[in-house]
Trainee: 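I have a structure I would like to understand better, so I am pasting it below and will then ask my questions one at a time.
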Amino acid sequence: FDIVDIELKKAGMRMENKLNRDVLLEILLDFGVTEIDPAGTHIAVTDLAKGRADVASENFMPDKFVTHPSAEGYLLQDSNLVYASYAGTTRTLTTGEIPKIMGMTPYTCSVTTGSTQKYWDSTDASNHYYALILDSQASTYLAMRRDLTVEQYDDPIHDLVGISCTMRYGTATIQPNAAVGILSK
């Protein structure tokens, strides 16, 4: 086994999760459109339609939605997606992938925010969210000063060879009204 390669991959995944966590928290802390409380017991396609309308009414074009894995599961149970298969699109039933809905591309994010202010999970409590609808070109930006970098260094005094993984980035919400959060149920 190439242990060094395995450990490098783990370090890269940890850094990518940290990046995702920071961007997710930035969006959750700063979205400006009123949050959506699903009408039913779980998220449904109708909640996505409402969120899309809320963002569009602020003069933005919602093109992406991000779900927590549990919200993705509830959407897959929504009968609207099953009825779409009757019209000839069986992709959802055969692959388990959510197709574009109302022009919005779906993504699933399983990281947690690690915040005490806003939570990304499936718990029904205040400040707990499990879906976001946003205009990806206007909402929040990620600036990469230096992408993931791996540097090898030698420590001849202690007869060691080490590896350092670093990344420099920053996130900022530019247009808070370009996103809406959906509360978890």
Side-chain angles (χ1 to χ4, degrees), residues 13 16-140 142 171 173 175-185:
M13 287 187 285
E16 184 66 28
N17 279 339
K18 171 71 169 127
L19 172 70
N20 290 338
R21 187 176 296 115
D22 290 347
V23 171
L24 181 62
L25 181 59
E26 178 67 32
I27 296 170
L28 286 174
L29 287 175
D30 290 331
F31 69 79
V33 179
T34 306
E35 60 199 16
I36 295 172
D37 191 2
T41 56
H42 302 297
I43 188 173
V45 172
T46 54
D47 299 313
L48 295 177
K50 172 144 179 31
R52 184 182 187 286
D54 288 351
V55 173
S57 69
E58 295 290 329
N59 297 319
F60 294 103
M61 294 304 299
D63 60 341
K64 308 270 193 270
F65 69 93
V66 183
T67 58
H68 184 274
S70 60
E72 178 188 48
Y74 295 134
L75 279 175
L76 287 170
Q77 296 172 31
D78 189 342
S79 60
N80 286 309
L81 293 177
V82 174
Y83 295 145
S85 71
Y86 297 154
T89 304
T90 60
R91 179 177 155 206
T92 302
L93 295 175
T94 58
T95 66
E97 296 173 2
I98 297 175
K100 270 189 160 188
I101 298 176
M102 290 167 257
M104 298 183 297
T105 305
Y107 293 94
T108 302
C109 181
S110 62
V111 301
T112 60
T113 55
S115 167
T116 58
Q117 301 162 322
K118 300 274 183 150
Y119 300 92
W120 182 253
D121 63 25
S122 59
T123 306
D124 183 18
S126 74
N127 294 323
H128 289 251
Y129 299 87
Y130 70 170
L132 286 167
I133 297 168
L134 54 111
D135 180 335
S136 64
Q137 299 298 312
S139 174
T140 303
L142 167 68
T171 62
T173 297
Q175 297 289 342
N177 291 347
V180 62
I182 299 178
L183 291 165
S184 60
K185 287 272 192 179

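From a predicted model like this one, the values you see are computed outputs, not experimental measurements. Position 1 is the first residue of the sequence; numbering continues from there.
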Trainee: Please give me the minimum heavy-atom distance between L132 and G181, naming the atom from each residue.
Mentor: CD2-CA, 3.8 Å
Trainee: Is there a donor in the side chain of D124 and an acceptor in the side chain of S184, or the other way round, less than 3.5 Å apart?
Mentor: no
Trainee: Enter the distance from L48:CG to I182:CD1 here, rounded to the nearest 0.5 Å.
Mentor: 5.0 Å
Trainee: For A39 versus D47, what's the shortest heavy-atom pair and its separation?
Mentor: N-OD1, 3.7 Å
Trainee: Which distance, rounded to the nearest 0.5 Å, do you find between the CZ of R52 and the CE of M102?
Mentor: 7.5 Å
Trainee: Could you check whether any side-chain heavy atom of D22 comes within less than 4.5 Å of a side-chain heavy atom of K18, counting everything from C-beta outward?
Mentor: yes
Trainee: Are the side chain of S139 and the backbone of L134 linked by a donor-acceptor contact shorter than 3.5 Å?
Mentor: no
Trainee: Could you report the tightest heavy-atom contact between F65 and I98, atom names first, then the distance?
Mentor: CZ-CG2, 4.0 Å
Trainee: List the atom of P176, the atom of D30, and the distance in Å for their closest heavy-atom pair.
Mentor: CB-O, 3.0 Å
Trainee: How about CE on M61, more than 12 heavy atoms from neighbouring residues, nucleotides or ligands closer than 6.0 Å, or not?
Mentor: no
Trainee: Please name the pair of heavy atoms, one in V180 and one in E35, separated by the smallest distance, quoted to 0.1 Å.
Mentor: CG2-CA, 4.2 Å
Trainee: In this structure, is the centre-to-centre distance between the rings of Y119 and Y130 below 6.0 Å?
Mentor: no
Trainee: Is the Y129 ring parallel, tilted or perpendicular to the F31 ring (thresholds 30°, 60°)?
Mentor: perpendicular
Trainee: Are W120 and T112 side-chain neighbours, meaning at least one heavy-atom pair lies under 4.5 Å?
Mentor: no
Trainee: Between T173 and E26, is there a side-chain donor-acceptor contact under 3.5 Å, judged purely by atom types and distance?
Mentor: yes
Trainee: Considering all heavy atoms of both residues, which atom of E58 and which atom of N177 are nearest to each other, and what is their separation?
Mentor: OE1-ND2, 3.2 Å
Trainee: Roughly how far, to the nearest 0.5 Å, is OG1 of T67 from CD1 of I43?
Mentor: 7.0 Å
Trainee: Can you find a heavy atom in the side chain of H128 that is under 4.5 Å from one in the side chain of D121?
Mentor: yes
